[in-house]
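This report concerns only the one structure given below.
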Amino acid sequence: MELKEKILKELETVIDPELGLNIVDLGLIYDINIDEENSVNIKMTLTTPGCPLHDSITSGARYVLEAMEEVNEVNVQLVWEPAWSPELMSNRAKDWLGRR
């Protein structure tokens, strides 16, 4: 399994507490960039800009990746463009929320 796949698997353990779904299936992860030194830059968003749990969710993402042996450094960038929409969710998340 390549490192990007492992990172996605780890990010699936980070749950949005309001929706009870992981941040990968919710479509909150926009980009994963891994440099030659295995420093990881994550570009992600949240379902709403005013989300009161933004620190908890972004810290959770950082925490699970920093625990990986292969990863040297983690930077999580929270972005609002493009805005999140339900269409970004995986089919599994849509099924869970009854949106498909």
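Applying the salt bridge (Lys or Arg N to Asp or Glu O under 4.0 Å) test to every pair with at least one member in residues 30-41, sequence neighbours left out, gives no pairs at all. A salt bridge (Lys or Arg N to Asp or Glu O under 4.0 Å) check over residues 18-30, counting only residues at least two apart or in different chains, returns the pairs Asp25-Arg92.
Here CG of Leu21 is found 5.0 Å from CG of Leu97. Values are rounded to the nearest 0.5 Å.
A chain of hydrophobic side-chain contacts below 4.5 Å, direct or via other Ile, Leu, Val, Met, Phe, Trp or Tyr residues, connects Ile29 to Leu19. Two different hydrophobic clusters hold Leu88 and Ile15 under the rule that ILVMFWY side chains link at heavy-atom gaps under 4.5 Å.
Looking at heavy atoms from C-beta onward, Val14 lies out of side-chain contact with Asn22 at the 4.5 angstrom threshold. Counting heavy atoms from C-beta outward, Asn91 and Met89 have side chains that stay 4.5 Å or more apart. Contact check for Val40 versus Ile32: side-chain heavy atoms found under the 4.5 Å cut-off.
In this structure Asp16 satisfies the side chain to side chain donor-acceptor pair (under 3.5 Å) test with no other residue, sequence neighbours excluded. In this view, Lys43 satisfies the salt bridge (Lys or Arg N to Asp or Glu O under 4.0 Å) rule with no residue, not counting sequence neighbours. Residues meeting the side chain to side chain donor-acceptor pair (under 3.5 Å) test with Thr48, sequence neighbours left out: none. Residues forming a salt bridge (Lys or Arg N to Asp or Glu O under 4.0 Å) with Lys4 (at least two apart in sequence, or on another chain): none.
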Which atom pairs, one a donor and one an acceptor, fall under 3.5 Å between side chains of residues 56-71 and the rest of the protein, sequence neighbours left out?
residue	atom	partner	partner atom	Å
Thr58	OG1	His54	O	2.9
Thr58	OG1	Asp55	O	3.4
Ser59	OG	Asp55	O	2.7
Glu70	OE2	Lys6	NZ	2.9

Can you list, pair by pair, the side-chain donor-acceptor contacts under 3.5 Å of residues 74-87, counting residues two or more places apart and other chains?
residue	atom	partner	partner atom	Å
Asn75	ND2	Asn41	OD1	3.3
Trp84	NE1	Leu26	O	2.7
Ser85	OG	Glu87	OE1	2.7

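Nearest heavy-atom pair, Ile23 versus Leu11, reported as atom, atom and distance to 0.1 Å: CG1-O, 3.5 Å.
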